[in-house]
S.K.: 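What follows is a single structure, and I will ask about it in a moment.
The first residue in the sequence is number 1, and the count goes up from there.
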Amino acid sequence: MSIVAENVTKRYGSQPALKDVSFNVKSGEIAGFIGPNGAGKSTMMKIICGILAPDEGNVRVEDHDVVSDSLKVKPLIGYLAENNPLYDDLYISEYLHYLSGLYKMGREAASRIKDTIRLTGLEKEVNKKIGELSKGYRQRVGLAQAILHNPEVLILDEPTSGLDPNQIIEIRNLIYELGKKKTILLSTHIMQEVEAICDRVLIINNGEILADDKAKNLHSYGKKSSYTILVEFSLPVNKPVLMKIGGIEKIKPVGEQSWLIQPVENKDIRQDIFRFAVENNLTVLSLSRKDKSIEEVFHELTNQ
């Protein structure tokens with residue numbers, strides 16, 4: 001079930017939050033939606049869920065417009081909000097039972113609640129009131145309410161916020177498994193999370209989409225070279241001598257005999273490095289090429 005945004009603009013008074021935003025998340029895709037604070041991520045997610053209406057443009061979930069067909073769209077979506085509002089005075093199972101009534105789940109409610117508690121790792125805390133839970137477990141409850149009715153589309157705003165490292169891995173694995181059957185759009189500030197589970201990445205800043213591509217292709221975005229070269233020589237070499245290789249934009253020492261080299265405009269200078277080593281009676285002990293990370297692309301595109 002796809003999500004299609006076409007020329008979406010949203011303003012808060014005179015302040016634009018989204019500017020002519022268009023993208024398409026295909027069925028069965030996990031798309032990472034990343035950007036600095038205030039970039040427009042949460043606004044876009046609220047529009048998809050039908051909480052806000054765009055000032056211009058439209059959003060469709062499958063073939064349903066999120067504004068004119070909102071009653072058809074909302075049952076298809078599970079939404080975890082950034083601030084994750086919950087009923088503190090309810091027990092976990094009591095809260096999920098209440099939600100099952102809103103979703104009109106009927107006879108399947110009891111088994112679905114049990115499965116959801118297991119999937120989100122809430123068994124140990126199930127006899128506590130939500131107000132007694134740590135931030136990490138509150139986040140799990142938020143995820144549980146998002147997936148309880150088995151929606152086709154998940155909109156997850158910072159789903160691993162407040163979780164410890166072990167919990168983050170567990171929830172990542174859950175999202176990855178859910179993504180095999182569902183369409184997922186998630187926002188996060190954790191770039192390792194994007195690299196670990198996302199098929200696609202959308203980078204937004206100041207309400208505009210700066211990049212939209214498969215995660216494996218993102219290293220080619222930005223002004224700098226899409227890769228760096230890590231080389232280790234048999235003997236120390238000083239920087240001015242090494243710069244004589246040519247085709248180098250930036251060079252950084254990472255050890256007494258190792259250098260991280262950024263070529264100019266993706267120029268392949270590996271043969272030049274070997275030639276330099278031979279001419280200077282050096283041996284290349286190791287040489288490896290490293291594609292630019294999503295975090296590096298993010299910084300290049302959003303720090304302008």
Side-chain angles (χ1 to χ4, degrees), residues 1-5 18 21 23-37 39-52 59 61-62 66 73-86 95-96 99 103 115-117 119-122 133 135-165 167-204 209 212 215 294 298:
M1 187 164 288
S2 62
I3 303 168
V4 179
L18 297 170
V21 170
F23 61 84
N24 182 355
V25 182
K26 297 177 182 177
S27 180
E29 234 177 11
I30 302 177
F33 197 35
I34 61 177
N37 290 332
K41 304 184 299 297
S42 294
T43 297
M44 188 70 242
M45 289 180 153
K46 289 175 182 177
I47 289 174
I48 295 171
C49 295
I51 299 169
L52 294 174
V59 177
V61 174
E62 198 60 17
V66 298
V73 171
K74 289 181 179 180
L76 304 176
I77 293 176
Y79 174 50
L80 172 61
E82 183 180 12
N83 58 1
N84 190 18
L86 299 168
Y95 173 59
L96 295 179
L99 291 175
Y103 291 131
D115 288 344
T116 301
I117 287 172
L119 283 170
T120 52
L122 286 166
L133 299 175
K135 184 178 179 182
Y137 275 101
R138 288 176 65 89
Q139 195 69 357
R140 287 175 181 242
V141 175
L143 186 58
Q145 65 81 23
I147 68 173
L148 177 63
H149 58 301
N150 197 23
E152 296 288 333
V153 175
L154 287 175
I155 307 297
L156 308 176
D157 203 349
E158 300 287 345
T160 57
S161 175
L163 303 183
D164 66 38
Q167 292 173 331
I168 286 174
I169 292 172
E170 291 172 7
I171 297 302
R172 277 184 196 169
N173 290 339
L174 172 58
I175 293 171
Y176 179 78
E177 289 301 315
L178 290 170
K180 293 179 180 179
K181 297 180 180 179
K182 302 180 186 299
T183 304
I184 300 177
L185 181 69
L186 69 91
S187 74
T188 180
H189 288 106
I190 305 172
M191 296 303 148
Q192 298 94 322
E193 195 161 276
V194 177
E195 292 177 334
I197 63 174
C198 293
D199 308 302
R200 288 245 323 282
V201 179
L202 297 93
I203 299 178
I204 186 171
I209 298 292
D212 177 5
I294 290 176
F298 178 85

S.K.: According to the interplanar angle, ranging from 0 to 90°, do the rings of His149 and Tyr103 count as parallel (below 30°), tilted (30 to 60°) or perpendicular (above 60°)?
M.R.: parallel

S.K.: Give a yes or no answer on whether the side chain of Glu29 reaches the backbone of Asp199 with a donor-acceptor pair at less than 3.5 Å.
M.R.: no

S.K.: Which value, rounded to the nearest 0.5 Å, describes the distance between Leu178 atom CG and Asn173 atom CG?
M.R.: 11.0 Å

S.K.: Gln139 vs Leu80, test: side-chain contact (heavy atoms from CB on, under 4.5 Å). Steps then yes/no.
M.R.: CA-CA 9 Å; Gln139 195 69 357; Leu80 172 61; 3.8 Å; yes

S.K.: Give a yes or no answer on whether the side chain of Asn84 reaches the backbone of Arg138 with a donor-acceptor pair at less than 3.5 Å.
M.R.: yes

S.K.: Looking at Lys41 and Phe33, would you say the former's side chain and the latter's main chain have a donor-acceptor pair under 3.5 Å?
M.R.: no

S.K.: Between the side chain of Gln145 and the main-chain N/O of Leu86, is any donor-acceptor distance below 3.5 Å?
M.R.: no

S.K.: Minimum heavy-atom separation for Met45 to Leu185, with atom names?
M.R.: CE-O, 3.7 Å

S.K.: Show, in sequence, the C-alpha distance, side-chain angles and deciding distance for Ile47 and Leu18, and conclude whether the side-chain contact (heavy atoms from CB on, under 4.5 Å) test is met.
M.R.: CA-CA 11 Å; Ile47 289 174; Leu18 297 170; 3.7 Å; yes

S.K.: Could you grab the distance from atom CD1 of Ile147 to atom OG1 of Thr116, nearest 0.5 Å is fine?
M.R.: 5.0 Å

S.K.: Please report the interatomic distance OG1(Thr120) to CG(Leu96), rounded to the nearest 0.5 Å.
M.R.: 7.5 Å

S.K.: Check for a donor-acceptor pair, side chain of Arg172 on one end and backbone N or O of Thr160 on the other, with a separation under 3.5 Å.
M.R.: no

S.K.: Just how far is it from atom CG of Leu76 to atom SG of Cys49, taken to the nearest 0.5 Å?
M.R.: 11.5 Å

S.K.: Quick one: pull up CD1 in Ile168 and CD1 in Ile190 and give me the separation to the nearest 0.5 Å.
M.R.: 4.5 Å

S.K.: Under 3.5 Å, side chain of Ser2 to main-chain N/O of Ser27, donor-acceptor pair present?
M.R.: no

S.K.: Set out, in order, the CA-CA distance, both residues' side-chain angles and the distance that settles side-chain contact (heavy atoms from CB on, under 4.5 Å) for Val61 and Glu152, then state yes or no.
M.R.: CA-CA 10 Å; Val61 174; Glu152 296 288 333; over 6 Å; no

S.K.: Taking the side chain as everything from C-beta on, heavy atoms only, tell me whether Asp157 gets closer than 4.5 Å to Lys46.
M.R.: no

S.K.: Quick one: does any side-chain atom of Thr183 pair with a main-chain N or O of Gly28 as donor and acceptor, under 3.5 Å?
M.R.: yes

S.K.: What heavy-atom pair brings Leu163 and Pro159 nearest, and what distance separates the two atoms?
M.R.: CD1-O, 4.2 Å

S.K.: Can you tell me how far CG of Leu143 sits from CG of Leu174, rounded to the nearest 0.5 angstrom?
M.R.: 5.5 Å

S.K.: Run the numbers on Ile51 and Tyr79 for side-chain contact (heavy atoms from CB on, under 4.5 Å), then give the verdict.
M.R.: CA-CA 11 Å; Ile51 299 169; Tyr79 174 50; 3.4 Å; yes

S.K.: Is there a side-chain contact between Met191 and Ile34 in this structure, where contact means two heavy atoms from C-beta onward sitting under 4.5 Å apart?
M.R.: yes

S.K.: Using a 4.5 Å cut-off on heavy atoms from C-beta on, say whether the side chain of Ile30 contacts that of Cys198.
M.R.: yes

S.K.: Compare every heavy atom of Ala146 with every heavy atom of Pro151, then report the nearest pair and how far apart it is.
M.R.: CG-O, 3.4 Å

S.K.: Which pair of non-hydrogen atoms, one from Ile48 and one from Ile3, has the smallest distance, and what is that distance?
M.R.: CD1-CG2, 4.0 Å

S.K.: Got Ile197 and Leu186 here, is their nearest side-chain heavy-atom distance under 4.5 Å?
M.R.: yes

